[in-house]
Structure formats: C-alpha cells, structure tokens
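First comes the structure, then the notes that go with it.
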Amino acid sequence: MSKLGDLGAKLYRGEVGYDFVGKRFLWYGVSILITITAIVALAVQGLNMGIEFKGGAVFTTPKTTVSVAAATEAAEKVSGHDAIVQELGTGGLRIQISGVDTGAATDIKQKLASDLKVDQAAINADLVGPSWGEQIANKAWTGLGIFMVLVVIYLAIAFEWRMAVAALIALIHDLTITVGVYALVGFEVTPGTVIGLLTILGYSLYDTVVVFDGLKEGSKDITKQTRWTYSEIANRSINGTLVRSINTTVVALLPVAALLFIGGGFLGAGMLNDISLSLFVGLAAGAYSSIFIATPLVVDLKEREPAMKALKKRVLAKRAAAAAKGESPDEGYDAEDEPQVVAQGRSGRRR
C-alpha cells in the first residue's frame, strides 16, 4: 500500500487525525480575510466584463503580416475604445472592441482594413448589443438563484436544515472568492466564465455532501453513547474523507491547470482563460470550504441544541471521572457501540 493509501486507511479508522473542527475559528478568520479582500477588489477594480455583456464588435481578419501589438494600437486609434487582439491559427487576427457603438462598426471596419492592409470584404464583423448581454446576465442570476434554492431544499430533506444552511454559506463563500480573483487579475468575464462558476458549484457541493453523509451516519443515535461529542464525530468524518477529497480535487485541477497555465499562458490561447480561471479557483475554494467551513459551521449550529449540550456535558464528566481514577477514557467501551464514521457514503459503512 502506498504511503498516501496507508495514511488514508489510518485516517478512516481514526488512528490519526487533525483537529479541523477544534481550530475552526482560525479557518473562519482566514475565510473572512479572503472574502473581505475579494469584496474590496470588486468594489475598487470591478469586473472586466466581456463584449457579450457590454456590447461591441468583434472583427476577424484574413491572414496578415501585421503584429498583434500594431493591430491593437490601430484598433484603439480608429475606435477610441480599448481593444483585445488575438492571433488565430490561420494567421488572421481576432479584434474585440467592447463598448463601441454598433452603428460605427462599418466605419471602423473600413479603417481597420486600410491600417491592416487587408481586403475590407474579407473582414468578418460580429456585432453585439448591450441589451443581449443584459439578458444573458439576468438569466445567469436566475439560474444561480434556482440552483441555490434547490440545493437548500435537497439538503434540508436528505440531511437537515443546519447542513443546508452550512452548504449554502460555503457555496456563497466559493463564489465570492472566485469572482474576487477575477477582479484582482482583470480577466475578462464572458458567458464561459458564468458556465465555469455554475460548474464549480456542483464540485463544491459534491465534496460537502460526501462529508455530510459520513457525519449523518456517524451521528446516528449519538445521544445513546458517552464516548464522543458531536464535534469529535464531525472531525472524524472530515478526516475519514480527507484523502478522498484531496485525490478528487487534484485530479480535477490538473487538466484545468493545463488549460489555464499552458493553454492560456504559454500558448497564448486567451479565450481559454475565461472559463479555466473560474474552474481552477472555484475547485480549490470548493475543496477548502467543504473541509474548513461547511462541516465546522454544522457543528456550531448543532451544538447549540440542548441534547448536544447535555451529551457534551456527560462525555466530559465521564472523562473527568476516568482521569480521577487513573483509568483510560476508552476503558469499558465496546467497539460495536462506537459511532461509525463513513468515508465513502453509505456503501462504505464499517460493520
């Protein structure tokens, strides 16, 4: 067995573990700091909205010897707006000019043909009105709202309302961080970005549900025992799924990193950046929130219940009594009475 597999087995059995829940206020502080940074970036710099949202024109030219830098300068000069120029595999150029009046597109096209020394008829122009972008944005917000409502309803039914609330806060946390990174780096926000944001919500929710499922199984009939508190069982659930969460996140991040750093960076395929950045940041934030935010929040909400407070009091009292007698806190416990922690869903439940 590999070292990672051996560690995963020990985490699953509870032989080793890290106190994620006990240090939850540290994670809360880190998350609050990151979230504030993201909000400030949004307020100060704002988002670089793509042409699909602001309106404008995209001109595709045939093969030309003009450099990207020269074409950018020419496009900004004739339009009076910022331009994004990308070299195509055919040797032509894709010139995107946001915020330009679509009525001026013909005049811009004519001047570009002259400056770039290409036939005007060979330049393809796609015009986008701002009203269309507004419709796309509204539909995206509607889809996001419906998704959040369905998630809360599902988790409240499948688990309980506390888990639904914690998962919702974790999802908002992931979205805020991802959008804040876009504001910081200045990447363009396009419909691809929106698709990426909606995709990462599913990944984030998946990791969270895996931990919640183990917690639900592990806390069944919890008040009938006096060995573990709710927070300790929650911590064992996180540790039991830790290696699995790391493995799935790394495997998902590798191809996305290739798109972002190799495709978008080294190869200059800038159109990949809009979706790959949202996926990369969102996947990492989702894995973080499922471990450090969602489950600790459930613990904070759950341990406010009188039954959980009474259980914690009984557990601590029994441990204190055992310590006074010089006995081990684990003496007198039957392994069959120990709450079970599920690392891989119901089918992985230990017998």
For this session: To the nearest 0.5 angstrom, please state how far the CG atom of L116 sits from the CG atom of L93.
Result: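 One gets 6.5 Å once the value is rounded to the nearest 0.5 Å.
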
Exercise. Any idea which heavy atoms bring A285 and D174 closest together, and the distance?
Worked result: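 For A285 versus D174, the nearest heavy atoms are O-OD1, 3.1 Å.
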
Say whether, by atom type as modelled, one donor and one acceptor occur between the side chain of [X] and the main chain of [Y] under 3.5 angstrom.
X    : Y    : answer
Y182 : S278 : yes
S237 : I233 : yes
T249 : I246 : no
N235 : S231 : no

Taking side chain as C-beta onward, heavy atoms only, is [X] less than 4.5 Å from [Y]?
X    : Y    : result
F20  : L242 : yes
M308 : T223 : yes
I291 : W27  : no
F159 : V209 : yes
V189 : V179 : no
L311 : Q225 : yes
R236 : N239 : no
Y288 : I293 : yes

For this session: Give the intermediate values and the outcome of side chain to side chain contact (heavy atoms under 4.5 Å, CB included) for residues I153 and I157.
Result: CA-CA 6 Å; I153 293 174; I157 295 174; 3.8 Å; yes

Problem set entry | Pairs touching residues 143-165 that satisfy salt bridge (Lys or Arg N to Asp or Glu O under 4.0 Å), sequence neighbours left out |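 Only E160-R162, E160-K302, R162-E305 qualify under salt bridge (Lys or Arg N to Asp or Glu O under 4.0 Å).
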
Problem set entry | Pairs touching residues 61-79 that satisfy side-chain hydrogen bond (donor to acceptor under 3.5 Å, both in side chains), sequence neighbours left out |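 Output for this query is empty, none listed.
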
Exercise. Where do D300 and R304 land on the salt bridge (charged side-chain N to carboxylate O under 4.0 Å, His left out) test, with the steps shown first?
Worked result: CA-CA 7 Å; D300 280 330; R304 295 174 182 270; over 6 Å; no

